[in-house]
Amino acid sequence: IGTAFSSMCGTTVRVEIDRASGALTIAAAYSVVECGEALVPQIVLGQSQGGFAMGVGYALLEHLPPFEDGPGNGTWNLGRYLVARGSDLPLHALDIEVLPPLSRREPPKGMAEVVMIPVVPALLNAIADATGHRFQSLPVTQPMIKGVLA
């Protein structure tokens, strides 16, 4: 059995919520990743950006109903299955820091989708801080937010 090496990462976000409509904007975000020696730093950065977008989609947009109403019924496309777009992301306020290896002998670590994992709790915590309500199911949508602000 080989040894597995996985990256460590964390994310914080600042959200702004319009109290009248419940519309949420991610005003700023900061992610940090420690992946050992980054063999291709541009790919690490791109993977981190993509993972951030995946986390936003999972937390705020994506919903697939099970069974007959789900995507297997042949009527699903990107008009019904919403994924994060540029307008959903803090494109000019997304700061990603790639930390240097902990030691000179530290090997590269796998990072893949691990960078999306802290995005969801960061968003949920920011929403709870802004609204005073902790949501228990995903995605957290504008009507849900508006409902707790009413």
Side-chain angles (χ1 to χ4, degrees), residues 2 4-99 108-150:
F5 295 96
S6 184
S7 298
M8 294 287 128
C9 52
T11 299
T12 62
V13 297
R14 182 169 53 89
V15 298
E16 296 173 355
I17 297 175
D18 180 273
R19 292 208 170 268
S21 68
L24 179 140
T25 302
I26 301 172
Y30 170 75
S31 287
V32 61
V33 62
E34 190 282 305
C35 61
E37 179 187 354
L39 298 177
V40 183
Q42 298 88 345
I43 292 178
V44 172
L45 181 61
Q47 183 69 27
S48 297
Q49 292 166 335
F52 185 84
M54 286 175 64
V56 169
Y58 183 69
L60 304 178
L61 301 165
E62 299 173 23
H63 173 70
L64 288 174
F67 311 114
E68 290 79 16
D69 292 331
N73 71 8
T75 64
W76 283 77
N77 59 31
L78 290 178
R80 292 186 67 189
Y81 180 69
L82 304 177
V83 296
R85 300 176 295 174
S87 59
D88 300 310
L89 305 171
L91 296 179
H92 301 291
L94 173 57
D95 186 21
I96 296 173
E97 181 177 359
V98 180
L99 298 177
K109 298 175 185 174
M111 57 173 295
E113 282 78 15
V114 73
V115 291
M116 80 171 274
I117 293 171
V119 176
V120 177
L123 278 167
L124 294 177
N125 285 332
I127 293 167
D129 188 54
T131 65
H133 179 80
R134 190 159 296 278
F135 290 94
Q136 300 296 318
S137 63
L138 298 177
V140 177
T141 61
Q142 183 175 346
M144 292 168 68
I145 295 171
K146 185 177 180 179
V148 300
L149 294 175

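Everything quoted here is computed from the prediction, not taken from an experiment.
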Open item on the list: How long is the straight-line distance from CG of Asp129 back to CD1 of Ile17, given to the nearest 0.5 Å?
Closed with: 9.5 Å
Task: Glu62 vs Pro139 side-chain heavy atoms within contact, under 4.5 Å - done: no
TODO: Count the heavy atoms belonging to other residues, nucleotides or ligands that lie under 6.0 Å from CG of Leu99, then report whether that count exceeds 12.
DONE: yes
Task: Within-4.5 Å side-chain heavy-atom neighbours: Gln49 and Leu45 - done: yes
Task: Any side-chain heavy-atom pair of Ile96 and Val44 under 4.5 Å - done: no
Open item on the list: If you count heavy atoms of other groups shown closer than 6.0 angstrom to NZ of Lys146, is the number above 12?
Closed with: no
Task: CG on Asn73 to CZ on Arg80, rounded to 0.5 Å - done: 6.0 Å
Open item on the list: Taking side-chain contact (heavy atoms from CB on, under 4.5 Å) as the definition, give me every residue that meets it alongside Leu64, ordered by chain and number, with sequence neighbours left out.
Closed with: Pro71, Trp76, Tyr81
Side-chain donor/acceptor pairs under 3.5 Å, residues 111-120, sequence neighbours excluded:
none

TODO: Using atom types as modelled and distance alone, determine if a side-chain donor or acceptor of Asp88 lies under 3.5 Å from a backbone N or O of Arg85.
DONE: yes
TODO: Return the minimal non-hydrogen interatomic distance between Val15 and Ala130, and the atom names on each side.
DONE: CG2-CB, 4.3 Å
- [ ] Measure the CG-CZ distance between Asn125 and Arg134 for me, rounded to the nearest 0.5 Å.
- [x] 4.5 Å
Open item on the list: A side-chain contact here means heavy atoms from C-beta on lying under 4.5 Å apart; do Glu16 and Ile26 qualify?
Closed with: no
- [ ] For the pair Asp95 (side chain) and Tyr30 (backbone), establish whether a donor and an acceptor sit closer than 3.5 Å, ignoring hydrogens and angles.
- [x] no
Task: Least distance between heavy atoms, Ala93 atom then Ala27 atom - done: CB-O, 3.3 Å
Open item on the list: Using a 3.5 Å distance criterion without hydrogens, assess whether the side chain of Gln142 forms a donor-acceptor pair with backbone atoms of Ser21.
Closed with: yes
- [ ] Mind listing the closest non-hydrogen atom pair of Asp18 and Ala20 along with its distance?
- [x] OD1-N, 3.1 Å
Task: N/O donor-acceptor pair under 3.5 Å between Glu34 side chain and Gly36 backbone - done: yes
Open item on the list: Looking at every non-hydrogen atom in both residues, tell me the closest pair between Leu138 and Ala59 and how far apart they are.
Closed with: CD2-O, 3.7 Å
TODO: State, with a plain yes or no, whether a side-chain heavy atom of Leu149 is found less than 4.5 Å away from one of Thr131.
DONE: yes
- [ ] Check Leu78 against Leu82 and note the closest heavy-atom contact, atom names and distance.
- [x] O-CD2, 4.2 Å
Open item on the list: Could you check whether any side-chain heavy atom of Leu123 comes within less than 4.5 Å of a side-chain heavy atom of Leu60, counting everything from C-beta outward?
Closed with: yes
